[in-house]
Amino acid sequence: MNQHDKLALPVGTTLDRFIMRKQEDFPYATGELSQLLRDIALAAKIVNREINRSGLIDIAGAYGNRNVQGEDQQKLDVIANIRFIRALRNGGEVCTVISEEDEEVIQTGNVQGKYIVAIDPLDGSSNIDVNVSIGTIFSIYRRVSPTGTEGTMADCLQTGTNQVAAGYVIYGSSTMMVYTTGNGVNGFTYEPSLGEFFLSHPQIITPKTGTVYSVNEGSSSSFSPGVAAFVEQCKQDGFSARYIGSLVADFHRNLLKGGIYIYPPTSKSPDGKLRLMYECNPLAFIVEQAGGKSSNGQMRTMEIRPQDMHARCPLFIGSKELVEQAETFLAQERQTQQVS
Ligand SMILES: O=P(O)(O)OC[C@H]1O[C@](O)(COP(=O)(O)O)[C@@H](O)[C@@H]1O
Ligand SMILES: [Mg+2]
Ligand SMILES: [Mg+2]
């Protein structure tokens, strides 16, 4: 197979075939990561079916519990959590799971498993029952502790630069899975009648800049001067404001069209709202692989050392030039604070 065949897998290739072909790029690959990606795709198909018919069956609304974030769990949050954890446990490749919906780590019992998965089973919970795009976000690490034991905290609290793969599923007008293993970003669209994901967006490259900014301006009264100045600059430059309120959906649009998504520190969320391990790091890996950028306004997201599985951090992510522009405003703000 020559170089051209290896790179240019035709649009319409199934996800399974793509994973197998890409595995051939790594002579020492043992197939475990490939199997893990297939396990995630399988769970995504099941969750997709539940989401599509959520209005017909009694899975709409709140579940009646609060998760470790203090958020009311939606029934679909719980269903998606169960489905993904079951698929990761049954697949056998994963020893430990970090989930947004579980306070403690989940030891799957697969002590021979080489991988750790951090997952946001259902992203965009506030949009679940109103038929707006929602998603699943996942991040995969190789364990650092020896196999034969349960995953440790050292396995779970690795920096984002150690990710071996990351991705998301968007349940929208179509359902897509977008992921990277560090060799570019590829998107697959789900064909429900065939039950298969097909390559539809090969080698995604995000535009260097754009004219869309995504931030919840409802919190603008507590934006720092630097954030407020950047948002004002976007308005003066005639940018369009787009905010779906589902991180995956806002990120996906900006990834394809160019733009910036910001979740800054606010009075309600002094460290921002989004979680480093299963929201910020996986999307940072993808955007960097697509030529974009991600930071907390100052530091590269993937270099932030997680202090806690559910640690939050501010997020500035998207087109490289826009993230750099926002960082410049924040640097000026820090300088002003230093001299005052
Ligand atoms: O309503 P806010 O404060 O703008 O927050 C919206 C953000 O919160 C989230 O819903 C958090 O994710 P979860 O739904 O997984 O908890 C993001 O998807 C979204 O971007
Ligand atoms: Mg989320
Ligand atoms: Mg969630």
Side-chain angles (χ1 to χ4, degrees), residues 40 43-44 47 50-51 54 59 61-63 65-85 97-103 106 117-139 166-172 178 212-223 227 231 241-255 259-284 286-287 294 301 309-318:
I40 290 173
V47 169
E50 307 289 1
I51 290 169
S54 62
I59 55 172
Y63 180 65
N65 274 8
R66 284 190 167 223
N67 65 16
V68 61
Q69 336 277 340
E71 295 159 348
D72 290 323
Q73 285 182 313
Q74 304 298 303
K75 285 180 188 160
L76 266 169
D77 281 322
V78 176
I79 290 168
N81 196 38
I82 291 168
R83 294 288 186 190
F84 278 102
I85 291 170
V97 178
I98 300 162
S99 168
E100 177 194 5
E101 302 306 329
D102 290 276
E103 182 156 5
I106 299 129
V117 170
I119 191 161
D120 177 354
L122 221 277
D123 176 68
S125 306
S126 62
N127 284 323
I128 287 176
D129 295 337
V130 290
N131 215 347
V132 171
S133 299
I134 49 182
T136 293
I137 313 173
F138 62 89
S139 170
Y168 60 86
V169 182
I170 177 166
Y171 312 100
V178 175
V212 164
Y213 70 99
S214 312
V215 67
N216 184 344
E217 294 205 61
S219 319
S220 57
S221 59
S222 66
F223 287 171
V227 172
V231 170
R242 293 281 182 276
Y243 193 72
I244 296 168
S246 291
L247 169 63
V248 163
D250 282 310
F251 174 83
H252 185 70
R253 181 205 47 248
N254 294 349
L255 183 73
I260 183 171
Y261 172 97
I262 301 174
Y263 207 107
T266 62
S267 50
K268 210 169 104 197
S269 312
D271 296 323
K273 177 183 181 181
L274 303 173
R275 284 54 58 122
L276 179 61
M277 295 302 295
Y278 41 79
E279 288 172 320
C280 305
N281 270 334
L283 299 182
I286 289 174
V287 87
S294 178
T301 303
M309 292 185 307
H310 302 291
R312 300 173 192 262
C313 79
L315 185 65
F316 296 76
I317 193 166

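Worth saying up front: this structure is predicted, and the values here are computed from it rather than measured. Indexing begins at 1, ligand by ligand and atom by atom, following the structure's order.
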Under 3.5 Å between some N or O of ligand 1 and some N or O of L122?
-> yes
What is the nearest protein non-hydrogen atom to atom 3 (O) of ligand 1, stated with its residue, atom name and distance?
-> Y263 OH, 2.6 Å
Can the ring centres of F251 and Y168 be said to be less than 6.0 Å apart?
-> yes
Taking the side chain as C-beta and beyond, is there a heavy-atom pair between S294 and L315 under 4.5 Å?
-> yes
Do I170 and V178 come close enough that some side-chain heavy atom pair is under 4.5 Å?
-> no
Identify the protein heavy atom lying closest to atom 19 (C) of ligand 1, giving its residue, its atom name and the separation to 0.1 Å.
-> G245 O, 3.3 Å
Any atoms of ligand 1 less than 4.0 Å from a non-hydrogen atom of S246? List them with their elements.
-> 18 (O), 20 (O)
Within a strict 2.8 Å cut-off of the Mg ion (ligand 3), protein N/O/S atoms tallied 3
Could you see which bit of Y261 sits under 4.0 Å from ligand 1, with heavy atoms only: side chain, backbone, both or neither?
-> side chain
To the nearest 0.1 Å, how far is atom 6 (C) of ligand 1 from its closest protein heavy atom, and which atom is that?
-> Y243 OH, 3.4 Å
Return a yes/no value for N216: is any of its N or O atoms, backbone included, closer than 3.5 angstrom to an N or O of ligand 1?
-> yes
Check the pair I106, S99 against side-chain contact (heavy atoms from CB on, under 4.5 Å), reporting the backbone distance first and the verdict last.
-> CA-CA 8 Å; I106 299 129; S99 168; 4.0 Å; yes
Min heavy-atom dist K268 to ligand 1 below 4.0 Å | no
Take the angle between the ring planes of Y261 and Y243 and call it parallel below 30°, perpendicular above 60°, tilted in between.
-> parallel
I137 side chain reached by L247 side chain, heavy atoms, under 4.5 Å = yes
Quick one: closest heavy-atom pair of P121 and T136, and the distance?
-> O-OG1, 2.6 Å
Structural part of D120 in contact with ligand 1, heavy atom criterion under 4.0 angstrom = side chain
Check I317, V287, D250 against L255 for a side chain to side chain contact (heavy atoms under 4.5 Å, CB included) and give me the one that passes.
-> V287
Starting from the Mg ion (ligand 2), look over the N/O/S atoms of E279 and name the nearest one.
-> OE2
Contact check: D250 vs ligand 1, nitrogen or oxygen atoms, below 3.5 angstrom = no
Side-chain donor-acceptor contacts of residues 270-281 below 3.5 Å, not counting sequence neighbours, with atom names and distances?
from	atom 1	to	atom 2	distance (Å)
R275	NE	E279	OE1	2.7
R275	NH1	Q69	OE1	2.9
R275	NH1	E71	OE2	3.4
R275	NH1	E100	OE2	3.4
R275	NH2	E100	OE2	3.1
R275	NH2	E279	OE1	3.3
R275	NH2	E279	OE2	3.0
Y278	OH	Q69	NE2	2.9
Y278	OH	H310	ND1	2.7
E279	OE1	R275	N	2.7

Among protein heavy atoms, which lies nearest atom 7 (C) of ligand 1, and at what distance?
-> K273 NZ, 3.9 Å
Could you see which bit of R275 sits under 4.0 Å from ligand 1, with heavy atoms only: side chain, backbone, both or neither?
-> side chain
Is a side-chain N or O of S246 found less than 3.5 angstrom from the main chain of S133, in a donor-acceptor match?
-> yes
Distance (rounded to the nearest 0.5 Å) between I79 CD1 and I128 CD1 = 9.0 Å
Does R253 reach the side chain of I244, with side-chain heavy atoms less than 4.5 Å apart?
-> yes
Residue, atom name and distance, where the atom is the protein heavy atom closest to atom 16 (O) of ligand 1 = E100 OE2, 2.8 Å
Could you say whether the N/O atoms of G124 and ligand 1 ever approach to under 3.5 Å?
-> yes
Enumerate the atoms of ligand 1 whose separation from the nearest heavy atom of L247 is less than 4.0 angstrom.
-> 17 (C), 18 (O), 19 (C), 20 (O)
D102 side, atom CG; I119 side, atom CD1 - distance, nearest 0.5 Å | 11.0 Å
Taking the non-hydrogen atoms of I137, is any one of them nearer than 4.0 angstrom to ligand 1?
-> no
So do E217 and V215 actually touch side chain to side chain, heavy atoms under 4.5 Å?
-> yes
